[in-house]
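Inspection log for the structure reproduced underneath, given as structure tokens.
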Amino acid sequence: MKLSGRTILITGGSSGIGKELAQRLIANGNSGIVTGRSEQALEKARIDMPGLEILRSDVSSNSDISALCDVIVSRFP
């Protein structure tokens, strides 16, 4: 599997293991999109990783999942 030059979506990537994974993937030349419930945590992740795309979304909410899919398809074809 090619692990550079990709656009990668990580749900729950604003902290913990997800954030560490995002940092490593971006360091390997990928574009990162991180989702999470906390706008503050997402903004901190963006500060820590310049160029990171953030989207507020709660994976326990069906409406948030549907909206996230729509945004991803339209902004990152």
Side-chain angles (χ1 to χ4, degrees):
M1 177 187 339
K2 183 178 176 189
L3 290 176
S4 62
R6 304 284 188 177
T7 300
I8 299 170
L9 170 66
I10 301 172
T11 59
S14 60
S15 64
I17 293 170
K19 184 176 179 182
E20 180 65 26
L21 178 61
Q23 288 173 325
R24 289 178 185 232
L25 290 168
I26 288 171
N28 284 335
N30 296 287
S31 298
I33 307 165
V34 167
T35 71
R37 292 180 290 186
S38 168
E39 194 71 41
Q40 291 172 332
L42 289 167
E43 288 297 337
K44 181 170 181 347
R46 184 181 2 218
I47 291 167
D48 294 344
M49 293 177 271
L52 180 70
E53 296 282 343
I54 60 170
L55 299 169
R56 206 219 58 80
S57 182
D58 182 350
V59 296
S60 69
S61 165
N62 288 337
S63 61
D64 276 14
I65 292 169
S66 180
L68 176 62
C69 288
D70 292 342
V71 169
I72 295 295
V73 169
S74 68
R75 288 184 48 195
F76 308 96

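Since this is a predicted model, take the numbers as computed values, not measurements.
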Answer with yes or no whether the hydrophobic clustering places Val71 together with Ile33; edges join I, L, V, M, F, W, Y residues whose side-chain heavy atoms lie under 4.5 Å apart.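 Yes; tracing contacts between hydrophobic side chains, which count when under 4.5 Å, links both residues.
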Cluster check Leu9, Phe76: I/L/V/M/F/W/Y, side chain < 4.5 angstrom: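 Result: yes, single cluster for both.
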Rounded to the nearest 0.5 Å, what separates atom [atom1] in [X] from atom [atom2] in [Y]?
X     : Y     : atom1 : atom2 : value
Ile8  : Glu53 : CD1   : CD    : 13.5 Å
Leu25 : Glu20 : CG    : CD    : 10.0 Å
Ile17 : Ile10 : CD1   : CD1   : 11.5 Å
Thr11 : Leu55 : OG1   : CG    : 11.5 Å

Decide yes or no for Glu43 and Glu39: does some side-chain heavy atom of the first lie under 4.5 Å from some side-chain heavy atom of the second?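 Heavy-atom side-chain distance check passes, below 4.5 Å.
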Is the side chain of Asn30 donor-acceptor paired with the backbone N or O of Arg6 at a distance under 3.5 Å, no angle test?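 Yes, Asn30 side chain to Arg6 backbone: donor-acceptor pair under 3.5 Å.
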Whether over 12 other heavy atoms sit under 6.0 Å from Arg56 CZ: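 Atom CZ in Arg56 is packed in, count exceeds 12.
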Test side-chain contact (heavy atoms from CB on, under 4.5 Å) applied to Leu42 and Ser57, Ser15, Ser14, the passing residue: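 It is Ser14, the one option of Ser57, Ser15, Ser14 that forms the side-chain contact (heavy atoms from CB on, under 4.5 Å) with Leu42.
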Quick one: side-chain contact (heavy atoms from CB on, under 4.5 Å) partners of Ile26, sequence neighbours excluded?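 With sequence neighbours excluded, Ile26 shows a side-chain contact (heavy atoms from CB on, under 4.5 Å) to Met49, Leu52, given in chain and number order.
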